[in-house]
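Take a look at the structure set out below.
Residue numbering restarts at 1 for every chain, and letters A, B, ... go by the order of the sequence lines. Quick caveat: nothing in here was measured; it's all calculated off a predicted structure.
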Amino acid sequence: MSMEDIEKKWQARWREAGVFDAPTEPGEDKFYLMEMFAYPSGDVHMGHFRNYSIGDLVYRYKRMQGKKILHPFGWDSFGLPAEQAAIKRKIHPGQWTEKNIATGKSTLQALGVSYDWGREIATSRPDYYKWTQWVFVELYKMGLAYQKEASVNWCPECNTVLANEQVVAGCCWRHEDTPVQRKSLKQWFFKITDYAQRLLDDLDKLDQWPDAVKNIQRYWIGRSEGANIRFTIAETGDELPIFTTRPDTVYGVTFMAIAPEAELMKRLIARCPNRAEVEKYIANSASKSEIERVAEDREKDGMFTGLHVRNPYNGDLVPLFVADYVLAGYGSGAVMAVPAHDQRDFEFARKYGIEIKIVISPKEGVLDPVEMAEAFTLPGIMANSCGFDGQSSIEAKRAIVEFGEREGFAETAIQFRLRDWLISRQRYWGAPIPIVHCERCGTVSVPEEQLPVILPHVDDFLPKGRSPLADVPEFMNTVCPLCGGPALRDPDTMDTYVCSSWYELRYLDPRNESAPFDIAEAKKWLPVDMYIGGIEHATSHLLYFRFIAKVLFDLGYLPVDEPVVKLFNHGMVCDVNGDKMSKSKGNVISPMEIANKHGVDVSRTAMLFFAPPAHEISWNEDGMKGAERFLRKIDNFVAEGISRDRVAGALENMTPRDAELFKALNRTVKAVTGDIEGMSYNTAIARLMEFMNLISVEDMAESGIAFTIADTLARLIAPIAPHLAEELNERLGFEPFVIDRPWPSWVESLTVLDSIEIGVQVNGKLRGTIEIPTDSDKEGAMAVATQVPNIAKHLEDKKIAQVIYIRGRILNIIVK
RNA sequence: GCGAGCGUGGCGGAAUUGGCAGACGCGCUGGACUUAGGAUCCAGUGGACUAAAUCCGUGGGGGUUCAAAUCCCCCCGCUCGCACCA
């Protein structure tokens with residue numbers, strides 16, 4: 001039977017038997033396995049294939065270990081490309097999406113991936129987004145969803161706002177050459193900052209997450225400890241609060257700086273003596289793109305407001321500048337500037353001739369404000385700081401804040417880099433925000449019984465800078481759920497990351513019409529035991545995913561507040577030259593093409609063998625030959641009609657060759673099991689190849705344990721080459737499925753070799769090898785070693801000073 | 001610039017965590033079987049010489065150790081993440 005026929009045969013049988021349907025009562029052996037779901041943008045690509053091959057391997061291995069597994073799949077099917085396709089091809093986004101889902105699904109089925117298709121979901125279908133809207137309403141009711149006017153990222157190409165995570169190097173994540181603009185707009189946010197501390201602290205609980213991801217998240221959350229200090233604007237009496245991590249430098253403040261877009265700036269502008277110039281400066285910086293403002297080589301600039309600020313610590317009066325190196329969205333949007341001890345302030349002061357006042361002296365040497373070439377940012381000894389002089393600056397930090405606390409103008413404070421999550425988008429193909437704006441009642445969330453707010457059919461998707469839904473009167477005009485009066489719907493749709501922030505929960509109970517999921521199902525299956533996907537979602541998806549789980553946990557819907565126990569990031573699949581596959585480069589290889597040519601099992605085995613799963617791989621067609629030969633050899637060796645009585649019994653009753661083979665088989669089972677547990681699939685396959693190199697066709701024809709060998713091999717390759725494994729299993733007379741048979745076990749004592757070859761060194765240089773009993777002692781090893789001519793030669797006329805013998809590893813003879 | 005990681009044959013990669021560097025595979029060389037081989041099988045394959053012996057060899061330099069790809073220090077190169085977070 002051809003590989004292709006074998007694949008078709010077993011895929012059909014799996015489907016008919018519903019083998020991958022999750023059990024309803026998984027009990028203690030439950031295992032929730034998830035791969036990141038896919039955006040249906042055409043067909044499955046190599047990256048998906050790798051991701052799902054790894055997941056499928058885990059599934060089959062765990063199943064043979066007796067786990068009761070939930071392994072679902074779905075589609076992250078809202079999003080921009082559907083609209084772009086609609087514009088380009090004049091096909092409705094919904095149609096385009098569903099067509100791609102159908103294609104993708106049939107590909108995954110042809111690849112034999114072990115999904116429970118009965119639980120398939122698609123985020124763009126009303127039975128799913130109804131509950132995405134429910135999630136929104138739950139957050140809204142908790143005060144975690146709110147609207148505010150804010151300076152936001154705007155992509156002129158997408159014609160929509162972007163979340164911070166969707167801005168890459170100052171450009172749009174979907175248009176890498178389009179600089180993001182700043183716009184002040186009223187938008188919906190999720191208050192993820194309320195959870196910043198927990199999201200940070202709980203990273204410590206995630207001991208099975210890659211450190212890389214945890215580090216990226218820690219940095220992204222960006223906790224800083226410092227102080228809030230209230231300065232006052234001399235001319236107006238307004239308070240000017242600032243956050244600083246360096247309260248120890250507060251006596252060195254020689255100017256203050258405020259961001260052009262800062263809330264406070266809007267109020268101050270009317271009071272500025274230099275109003276015209278300040279307004280011009282603000283308008284000018286608003287016109288700059290994010291990328292211009294952030295450019296590394298850009299000189300800092302600013303404009304004196306004409307206002308002055310009083311330092312509450314020493315009464316100093318310093319000028320207030322508006323400067324766009326100050327971030328509006330962090331802290332209060334204003335900073336105290338200490339040129340002597342902050343490099344940014346230093347550069348600014350030098351440019352505008354502002355005083356540089358030294359308040360911390362280095363332990364060695366003296367700073368000269370005129371001569372110094374850069375700010376001194378290290379700890380040191382306090383100076384020019386009233387009563388704090390002479391203290392170490394590290395101690396003074398606390399003392400200065402305490403002093404400010406007593407006087408009532410300062411307190412310790414924590415700041416996070418993390419900003420609230422901007423979730424509204426001015427696009428069509430997304431879940432409508434379930435909010436009604438009523439003139440009388442204000443902002444009202446749509447009651448659960450009125451969900452979903454159905455996305456209406458629209459024909460014109462050309463971006464106009466506002467949501468296409470705004471132009472659909474039938475959609476916009478509604479009645480207020482509270483007062484029944486006329487009201488307008490919110491025209492925006494949600495960021496697709498909202499859809500993917502809770503999808504692991506819908507899989508639990510995907511056809512539930514009265515709730516997003518049954519809490520009983522959540523208790524059965526959560527948390528997700530293993531989640532496999534690329535590392536590119538480290539800050540976005542994976543942070544939102546954790547956040548929403550925590551919110552729903554707080555609301556009592558979930559038994560756990562962290563959704564995923566083990567996270568695994570697989571490496572990318574590149575082309576032969578190591579370049580990223582992309583449509584524009586024209587170097588995309590389709591997994592279906594590969595599978596049609598070589599077979600699914602061969603393609604998978606090759607993919608898994610190329611490199612450890614976490615590594616990036618370069619797809620090299622030549623490398624597939626090894627996998628092909630390997631599987632063919634197994635296919636040939638596990639022949640039809642091997643008698644069932646040719647099984648391994650006691651070692652003493654075997655021929656020497658069989659004993660040798662049986663021990664090798666035991667070692668192989670042990671090694672393969674260990675490698676799979678450690679997700680070292682490439683070496684697991686190498687161990688199997690090694691075993692195949694050891695046995696011969698004659699062995700299989702003559703051996704008294706041929707059946708044991710064949711049976712063990714069939715089971716060992718089940719996670720790697722599942723179709724062939726089923727076929728061999730059937731050939732050996734087992735039924736119905738190899739994955740329902742137990743994973744092979746081994747006898748530990750049989751994995752230990754009787755004798756072992758170790759290297760012998762003289763003065764640390766290898767001079768020969770000896771074969772000795774594995775449990776040989778030092779004297780025994782020496783006795784053998786000294787008989788080896790070349791070793792003896794090096795010992796001649798020398799005095800043995802020391803003998804180092806590590807059992808099973810090395811013998812090192814030190815001579816003088 | 002800051003943070004994290006990596007650097008091993010012609011190539012992909014192994015190395016029980018300090019103990020024979022190069023498992024396994026690709027490629028290459030030679031041979032067998034063949035009308036034929038881009039099929040299969042066997043053997044070889046880090047370098048310096050053809051063999052034994054010897055020496056060199058895990059980005060470069062130094063160190064610790066009986067012993068270093070592995071640990072420490074310095075340098076070089078690459079990849080990823082972050083980009084004025086006060």
Side-chain angles (χ1 to χ4, degrees), chain A residues 168-170 210-220 222-224 226 242-246 249 257 291 293-296 298 300 323-327 329-332 334-338 341-345 347-348 377 415-419 535-536 538-539 572 576 578 605-606 609-612 615-630 632-633 636 671 674 680 682-693 696-697 757-770 789-790 793 801-815:
Chain A
V168 179
D211 288 334
V213 172
K214 288 190 279 186
N215 286 336
I216 291 170
Q217 291 210 353
R218 270 190 200 105
Y219 187 80
W220 193 262
R223 184 181 193 272
S224 307
I242 57 93
F243 172 76
T244 180
T245 55
R246 293 295 304 273
T249 64
I291 200 155
R293 288 184 53 172
V294 159
E296 214 172 314
R298 195 184 143 237
K300 296 184 193 341
D324 65 6
Y325 78 90
V326 181
L327 300 170
Y330 186 79
S332 64
V335 296
M336 68 179 211
V338 186
H341 305 293
D342 182 284
Q343 187 58 27
R344 296 156 300 191
D345 302 341
E347 287 164 26
F348 193 89
T377 56
Q415 268 291 327
F416 293 94
R417 274 172 75 92
L418 183 70
R419 312 290 154 85
I535 197 172
E536 63 273 17
T539 48
M572 281 200 311
V576 198
T605 306
F609 181 64
F610 278 156
H615 270 212
E616 176 182 300
I617 56 175
S618 299
W619 189 260
N620 187 353
E621 195 106 14
D622 290 341
M624 300 196 67
K625 284 185 185 157
E628 205 152 2
R629 287 172 187 155
F630 165 65
R632 189 163 46 223
K633 204 165 166 185
N636 289 337
S680 180
N682 56 328
T683 55
I685 294 168
R687 295 289 86 85
L688 284 163
M689 288 174 165
E690 224 169 331
F691 181 76
M692 293 309 290
N693 289 342
S696 63
V697 189
E757 198 180 79
I758 64 167
V760 179
Q761 299 175 333
V762 178
N763 284 350
K765 294 221 174 215
L766 188 73
R767 297 301 178 191
T769 58
I770 53 171
N790 195 45
K793 197 180 93 189
Q802 194 188 352
V803 177
I804 292 149
Y805 173 65
I806 310 292
R807 187 164 294 170
R809 300 260 194 277
I810 202 86
L811 177 67
N812 190 3
I813 304 161
I814 313 302
V815 296

Mind checking if A:Thr539 touches a base, just sugar-phosphate, or nothing, with heavy atoms under 4.0 Å? nothing
Residue set satisfying salt bridge (Lys or Arg N to Asp or Glu O under 4.0 Å) with A:Arg809, at least two apart, ordered chain then number -> none
Here the distance between atom P of B:rC84 and atom CD of A:Gln343, to the nearest Å, is 15 Å
Main-chain N/O of A:Ala337 paired with A:Asp342 side-chain donor or acceptor, under 3.5 Å
no
Rounded to whole Å, the CD-P distance (A:Glu621 to B:rG27) equals 12 Å
Sorted by chain and residue number, the salt bridge (Lys or Arg N to Asp or Glu O under 4.0 Å) partners of A:Arg246 (sequence neighbours excluded) come out as A:Asp248
(request) Could you give the distance separating B:rC74 and B:rA14 at their C1' atoms, to the nearest angstrom? (result) 30 Å
- Message: Mind checking if A:Lys793 touches a base, just sugar-phosphate, or nothing, with heavy atoms under 4.0 Å?
- Response: sugar-phosphate
Residue set satisfying ring-ring contact (aromatic ring centres under 6.0 Å, His included) with A:Trp220, at least two apart, ordered chain then number -> none
Nearest heavy-atom contact between A:Tyr330 and A:Phe416 is CE1-O, 3.4 Å
Across all chains, not counting sequence neighbours, the side-chain contact (heavy atoms from CB on, under 4.5 Å) partners of A:Glu536 are none
Atom CD1 of A:Ile813 and atom C1' of B:rG19 are separated, to the nearest Å, by 14 Å
Discussion item. Give me the distance, rounded to whole Å, that separates B:rA51 from B:rG44 when you measure between the C1' atoms they each carry.
Written reply: 15 Å
In terms of ring plane angle, is the pair A:Phe348 and A:Tyr325 parallel, tilted or perpendicular, where the classes change at 30° and 60°? tilted
- Query: For A:Thr769, which contact category applies under a 4.0 Å heavy-atom criterion: base, sugar-phosphate, or nothing?
  - Reply: base
Judged by whether its glycosidic angle lies within 90° of 0, B:rG9 is syn
In whole angstroms, the gap separating P of B:rU54 from CD of A:Gln761 amounts to 13 Å
Regarding the side chain of A:Leu766, the nearest nucleotide among B:rA21, B:rC82, B:rA86 is B:rA21
TODO: Please determine if a side-chain N or O atom of A:Lys765 lies less than 4.0 Å away from the OP1 or OP2 oxygen of B:rC56.
DONE: yes
For B:rA86, does either OP1 or OP2 sit under 4.0 Å from a side-chain N or O belonging to A:Tyr330?
-> yes
Atom CE of A:Met689 and atom P of B:rC24 are separated, to the nearest Å, by 11 Å
Assigned chi class of B:rU40 under the 90° convention is anti
By nearest-heavy-atom nucleotide on RNA chain B, the more 5' of A:Tyr219 and A:Met336 is A:Tyr219
Contacts of A:Arg218 meeting side-chain contact (heavy atoms from CB on, under 4.5 Å) (sequence neighbours excluded), chain-then-number -> A:Leu200, A:Leu203, A:Asp204, A:Lys214, A:Asn215
Mark yes or no for whether A:Lys300, through its side chain, and A:Glu347, through its backbone, hold a donor-acceptor pair below 3.5 Å. no
Separation of B:rU16 atom C1' from A:Arg687 atom CZ, nearest Å, is 10 Å
query = Expressed in whole Å, how much space separates the C1' atoms belonging to B:rU34 and B:rA23?
reply = 33 Å
Side chain to side chain contact (heavy atoms under 4.5 Å, CB included) test vs A:Ile758 passes for just one of A:Thr769, A:Ile770, A:Ile810, namely A:Ile770
The side-chain contact (heavy atoms from CB on, under 4.5 Å) partners of A:Arg417 (sequence neighbours excluded) come to A:Tyr219
Note, RNA chain B 5' to 3' with Watson-Crick or G-U pairs under 3.5 Å encoded as ( ), [ ], | and . gives (((((((..(((......[....)))((((((.......))))))(((.....)))..(((((..]....))))))))))))....
If the P atom of B:rG22 is compared with that of B:rG46, how far apart are they to the nearest Å? 9 Å
Among B:rC24, B:rC84, B:rC56, the one nearest any side-chain atom of A:Ala686 is B:rC24
_Between B:rG59 and B:rC76, how many Å separate the two C1' atoms, rounded to a whole number?_
7 Å
Sorted by number, residues from residues 802-811 of chain A placing a heavy atom under 4.0 Å from RNA chain B are A:Ile804, A:Ile806, A:Arg809, A:Ile810
Report task. Using the C1' atoms only, state how far B:rU65 lies from B:rG47, rounded to an integer number of Å. Result -> 27 Å
Against the side chain of A:Asn812, the closest entry in B:rA86, B:rC55, B:rG19 is B:rG19
Give a yes/no answer on whether the side chain of A:Arg767 brings an N or O atom under 4.0 Å of OP1 or OP2 in B:rC55.
yes
From CZ of A:Arg417 across to P of B:rG3 the rounded distance in Å is 14 Å
Protein-nucleic acid N or O pairs under 3.5 Å, nucleotides 10-13 of chain B:
residue : atom : partner  : partner atom : Å
B:rG12  : O2'  : A:Phe610 : O            : 2.7
B:rG13  : O3'  : A:Asn682 : ND2          : 3.4

Using atom C1' in both nucleotides, what's the gap between B:rG37 and B:rC20 to the nearest angstrom? 39 Å
Residues passing the side-chain contact (heavy atoms from CB on, under 4.5 Å) test with A:Val697, sequence neighbours excluded, are A:Phe637
- Quick one: label A:Asn790 by what it contacts on the DNA or RNA (base, sugar-phosphate, nothing), any heavy atom closer than 4.0 Å. sugar-phosphate
Between CG of A:Asn215 and P of B:rC2 the distance, given in whole Å, is 17 Å
Which whole number of Å gives the distance between the C1' atom of B:rU45 and that of B:rU50?
-> 16 Å
For nucleotides 36-49 of chain B, 5' to 3', base contacts (B), sugar-phosphate-only contacts (S) and non-contacts (-) with protein non-hydrogen atoms under 4.0 Å give ---SS---------
By ring-ring contact (aromatic ring centres under 6.0 Å, His included), A:Phe609 pairs with (sequence neighbours left out) none
Between A:Trp220 and A:Ile535, the residue closer to the 5' end of RNA chain B by nearest nucleotide is A:Ile535
